[in-house]
Amino acid sequence: MSTIHELPAQYDPGETEGAIYQRWIDAGIFSAEEKRSRRNGGDRDPFVIVMPPPNVTAVLHMGHGLNNTVQDVIVRWRRMVGDEALWVPGTDHAGIATQNIIEKQLAAEGKTKADLGREAFVARTVAFVEETGGEILRQLKAIGASADWNRTAYTFSPELSRGVREAFVQLYERGLIYRGHRVIHWCPRCMTSLSDEEAEHTEELGSLYTILYALAIPASGSRRTPAEQLAGGNTDVVFGHIPVATTRPETMLGDVALAVHPEDEKFKKLIGMEAQIPLTDIKIPIIADEYVDPTFGTGIVKITPAHDANDFEVGKRHKLPMPVIMAPNGTMANGVDADSRVPADLLGIDRFEARERIIRALEKTKQLDHVKPHHHAVRHCYRCDTVVEPRLSDQWFVKMEPLAKPALKAVRDGTIRILPERWEAVYINWLENIRDWNISRQLWWGHRIPVWYCDECDQMIVSRTDVAACDKCGGEVRQDEDVLDTWFSSWLFPISTLGWPDTSAAALAAFYPTDDLITAPEILFFWVSRMIMAGYAFMDAPPFHTVYLHGTVRDMNHVKMSKSLGNGIDPLDVVTKYGADALRYTVISGMGMGADLMLDPKDLDRSFAPGRNFATKLWNIGRFLLANVGSSPVRSVDELRDNELTLADRWILGRLNATILECDVALGPARPEKGKWRPEERYSGLRLSEFAEAARRFVWNDLADWYLETTKARIGVAGGDSEVARAVLTHAFDYALRLLHPIMPFITETLWQRLPFPVDADRSEFLAVAPWPLPHPESREERAAMTSFDLVCDAVRAVRQIRSDYAIPPGKSMDVAIQSRAHESLFADHAPLIGRLSRSDVKVGGQATEAGAAHAVLADGSEVIVPLGGLVDLTRECGKLRAELKQLETQLDALSSRLQNEGFTSRAPANVVQAERQKQQDWTKRRQQLAEKVTALCGG
RNA sequence: GGGCGAGUAGCUCAGUUGGUUAGAGCGCCUGCCUUACACGCAGGAUGUCGGGGGUUCGAGUCCCUCCUCGCCCACCA
């Protein structure tokens with residue numbers, strides 16, 4: 001018999017995890033091969049997940065931990081099932097985010113990027129990324145990520161950059177990319193334009209200023225004076241002044257008109273007149289436009305075409321000038337068409353300071369009518385949180401509507417499903433109202449736009465390769481200064497990482513379309529929906545069939561974890577303290593479908609207790625097994641004859657089978673059966689917490705709590721069935737480890753490596769590639785065996801409860817009688833087991849004495865009776881019995897009246913009525929027994 | 001402003017098409033260091049299923065309404 005010393009008493013993950021991971025890598029089990037994919041003539045179904053690439057400069061946080069654990073669980077599961085499982089890892093060059101980091105570094109050195117110049121700046125960024133970048137991928141290995149690292153991708157690599165150019169040029173050639181002159185979101189801090197999605201709304205309490213514009217006599221003005229015109233008695237308009245409401249008074253300097261609704265009776269007469277911008281001598285027309293809502297503010301709107309998207313539209317309709325009155329950095333300046341609209345004392349002043357100054361000046365001239373608090377949505381830069389400024393400029397746009405069409409259809413017709421279901425509506429709503437995508441950024445870090453200009457012959461060249469000279473005049477060309485939105489490279493990730501634009505790439509053929517996409521809902525629009533569009537646009541096929549959106553990691557106050565708030569948890573701390581498996585199990589078991597995960601950064605012990613405790617439990621089962629079962633080969637369960645198996649053996653094998661079924665149901669179908677999700681399977685599966693719970697329940701509540709205990713009387717006992725118990729126990733644990741491996745890869749692999757196996761077992765070298773357990777249909781015999789053993793467990797619980805209730809010391813001997821209704825022999829046969837499992841020195845089969853006995857009723861109506869023989873105060877038992885009797889009578893009354901209700905008996909399904917009738921009989925019988933007992937014991 | 005989701009034990013959440021006495025983990029209480037495990041074992045307590053109304057023989061589950069939170073979208077200056 002081998003010794004317990006094979007496994008240390010305490011599980012030390014730090015000791016084993018790194019070494020095991022290296023062995024997996026060395027064996028190449030995370031590497032997928034194109035030729036093994038069925039699509040490439042192989043014999044395995046491909047199963048592919050493309051990792052949402054973290055920013056190349058990112059450091060692992062719990063959000064990554066959650067996201068990648070989910071992916072790894074799924075990939076490991078499919079790998080064991082036998083799929084050619086591929087998990088493509090990668091990083092994102094993260095345009096704005098990375099550029100901001102370098103700019104901060106420069107600022108610390110007292111420099112700006114202009115000091116370096118573009119080339120040096122980019123070189124420095126490249127060096128920084130090379131030096132520090134990709135650290136997060138190394139960290140992912142620490143949590144067990146089984147990605148195919150040979151395929152690690154980077155959005156700014158030469159290969160992927162080729163795809164970016166190809167995509168741009170193709171879309172341009174199809175007329176889907178164009179240069180647009182319009183108002184876009186501009187971040188004055190990052191000094192770049194942003195897409196609609198990158199300018200995030202936040203509800204804020206600001207102010208609504210009502211400013212009085214003086215009426216001016218129309219230029220053509222030979223008609224009546226304003227005073228005469230207004231003499232009609234309109235009291236809403238201050239004589240000679242027009243009240244205009246605005247939240248951004250500083251944009252006043254860019255006004256080119258005031259607008260009223262054409263049908264607004266109140267102001268109709270103002271149309272065609274002129275007003276004067278306060279503090280200036282600029283006169284602007286008063287125009288009519290349907291855009292104005294007469295019921296909001298004063299009913300008169302100032303029109304600032306260069307600094308408001310709506311005003312821009314109005315300006316276009318009325319062919320108004322569009323003066324730009326701010327510099328790119330958000331200070332006041334006379335830009336395009338502004339002449340000298342901005343007065344000298346405001347030049348170079350920040351927009352918010354300018355707002356204050358203008359307000360003060362208006363107060364002086366009495367042109368500030370009033371100010372009132374105003375809730376409104378303000379857009380902020382998603383990278384630096386600066387208030388975004390609408391700004392007129394030239395940008396490149398992608399025409400989205402044609403791209404959105406197939407993406408919309410895919411979700412509608414079940415080609416792609418989104419889990420949880422509710423996000424599908426959000427997705428559809430967004431795509432139905434999609435707007436063109438601004439893809440140019442005024443940054444240095446990113447893919448330069450592949451467009452060259454020849455100033456000589458006013459030529460624009462869009463090209464897949466670098467252009468050295470004008471193809472018309474041979475003259476000098478200059479490349480567009482702007483770079484592309486980071487998301488313009490990541491939307492290609494599923495295809496570009498597999499070799500696109502080389503459409504004959506083996507990887508593309510073998511692994512595209514991929515299967516699942518796992519990410520957070522925040523980037524549903526940024527990334528997920530655009531990937532779907534790109535998939536159809538460039539491959540004419542969806543990139544994946546399942547989008548799984550998981551929740552956010554939050555602290556106990558439901559605040560999202562973040563480094564800046566200081567409420568984060570470093571996953572690597574958790575790995576060091578409790579092991580990667582503890583982290584993974586905790587995260588998976590605690591996360592419902594799409595629900596947020598709450599963890600307490602101040603109490604890691606408590607937060608990760610579920611995972612840590614369960615890992616320890618597994619470890620100790622392993623220790624028991626090695627100490628008792630030993631390491632010598634076991635018999636194969638397949639060869640065990642039915643008559644060799646005990647009831648407990650049959651029970652645990654049945655429970656194992658049921659558990660496998662539960663796990664499979666929770667995990668669900670890996671892919672749609674026929675290309676499209678059928679309604680009944682569409683939202684099933686990927687219930688990872690249910691999968692974890694089913695496996696945990698089996699290991700802990702079935703295997704450890706019950707079955708393992710029953711083997712203690714068998715294993716190593718001469719002349720008994722030690723070999724049967726060894727075989728069954730080992731088999732059950734082996735399969736439990738297989739089920740748990742996707743969630744807890746390290747500890748399961750460690751234990752599995754030491755498990756004894758049958759001599760001629762066909763076993764893989766690693767649990768990581770061991771076959772996933774296959775369930776079999778449950779037989780009637782199996783079902784019966786399980787019910788019988790459940791009754792034995794019931795009896796044990798009854799004895800334990802009585803012992804606990806009456807505080808009978810563990811050492812005290814108890815006589816136990818079990819009066820069986822239908823299972824005379826069951827309890828007789830298992831008397832020793834009941835004694836053993838109840839950990840009492842009980843003698844089952846003792847005489848049942850009605851008086852002075854504790855009793856308990858089992859599921860099948862059998863009774864467990866323990867004569868208390870003066871051990872305890874009988875009044876206590878009497879009280880208990882009376883309470884029980886009373887409760888039973890109440891419930892029986894309710895049940896009886898229900899059964900007397902004709903509505904119920906006639907309308908409820910027959911089986912329900914039948915069950916209720918049976919219950920009524922059982923309860924009536926029990927009531928009689930109880931009543932007799934009370935009389936006997938307590939004298940009525 | 002539009003759309004969506006949630007409110008079940010102290011906390012985090014399960015509760016399938018309406019059908020036994022509403023569950024789990026953590027926490028809590030009691031007793032145990034029982035030779036795999038005190039990161040454990042055994043036993044136990046705790047719910048007006050957000051409020052109100054309705055449909056039904058029967059509602060946590062379906063309908064209406066109200067309240068409270070959260071998310072997404074949005075050009076009301």
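So you know, we letter chains A, B, ... as the sequences are listed, proteins then strands, and number each from 1.
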All N/O pairs under 3.5 Å across the protein-nucleotides 43-46 of chain B interface:
unit_1: B:G43; atom_1: O2'; unit_2: A:Ser804; atom_2: OG; d: 3.1

Notebook entry, point to check: Which part of the nucleic acid, if any, lies within contact of A:Trp619, taking any heavy atom under 4.0 Å across all strands shown: a base, the sugar-phosphate backbone alone, or nothing?
Noted result: nothing

Margin query: How many whole angstroms separate atom CD of A:Glu709 from atom P of B:U35?
Written below: 11 Å

Note to self: Could you spell out the base pairing of RNA chain B as a dot-bracket line? Use Watson-Crick and G-U wobble contacts where both distances are under 3.5 Å, [ ] for crossing pairs, | for partners on a different strand.
What the structure shows: (((((((..((((.....[...)))).(((((.......))))).....(((((..]....))))))))))))....

Notebook entry, point to check: Under 3.5 Å, is there a donor-acceptor pair between the A:Lys302 and A:Thr251 side chains?
Noted result: yes

Contacts table for residues 685-692 of chain A: side-chain donor-acceptor under 3.5 angstrom, sequence neighbours left out:
unit_1: A:Arg687; atom_1: NH1; unit_2: A:Tyr683; atom_2: O; d: 2.6
unit_1: A:Arg687; atom_1: NH1; unit_2: A:Gly685; atom_2: O; d: 2.9
unit_1: A:Arg687; atom_1: NH2; unit_2: A:Tyr683; atom_2: O; d: 3.2

Margin query: Counting only side-chain heavy atoms from C-beta out, which of B:A77, B:C41, B:A36 sits nearest to A:Ile621?
Written below: B:A36

Notebook entry, point to check: What residue pairs, at least two apart or across chains, pass side-chain hydrogen bond (donor to acceptor under 3.5 Å, both in side chains) with a residue in residues 607-618 of chain A?
Noted result: none

Next item on the list: Compare all side-chain heavy atoms of A:Ile569 with those of A:Met561 and state whether any distance is below 4.5 angstrom.
Entry: yes

Margin query: Test of understanding: with salt bridge (charged side-chain N to carboxylate O under 4.0 Å, His left out), list the residues that count as partners of A:Asp600, not counting sequence neighbours.
Written below: none

Note to self: Using the ring-ring contact (aromatic ring centres under 6.0 Å, His included) criterion, which residues pair with A:Phe312? Sequence neighbours excluded.
What the structure shows: none

Next item on the list: Could you work out which one of B:A74, B:A77, B:C41 sits closest to the side chain of A:His374?
Entry: B:A77

Margin query: Among residues at least two apart in sequence or on other chains, which ones pass salt bridge (charged side-chain N to carboxylate O under 4.0 Å, His left out) with A:Glu203?
Written below: none

Check: Taking only residues two or more places apart in sequence or in another chain, which ones pass ring-ring contact (aromatic ring centres under 6.0 Å, His included) with A:Tyr707?
Finding: none

Checklist line | With sequence neighbours excluded, residues passing ring-ring contact (aromatic ring centres under 6.0 Å, His included) with A:Tyr585 | finding: A:Phe614

Next item on the list: Could you tell me which residues satisfy ring-ring contact (aromatic ring centres under 6.0 Å, His included) with A:Trp619, sequence neighbours excluded, listed by chain and number?
Entry: A:Tyr11

Next item on the list: Kindly write out the residues that satisfy salt bridge (charged side-chain N to carboxylate O under 4.0 Å, His left out) with A:Arg697, not counting sequence neighbours, or none if the list is empty.
Entry: A:Glu662, A:Glu693

Next item on the list: Using whole Å, report how far CG of A:Asn620 lies from C1' of B:U35.
Entry: 13 Å

Contacts under 3.5 Å, N or O only, protein and nucleotides 7-18 of chain B:
unit_1: B:U12; atom_1: OP1; unit_2: A:His558; atom_2: NE2; d: 3.0

Next item on the list: Spell out yes or no: do the side chain of A:Gln10 and the base of B:C39 have one donor N/O and one acceptor N/O closer than 3.5 Å?
Entry: yes

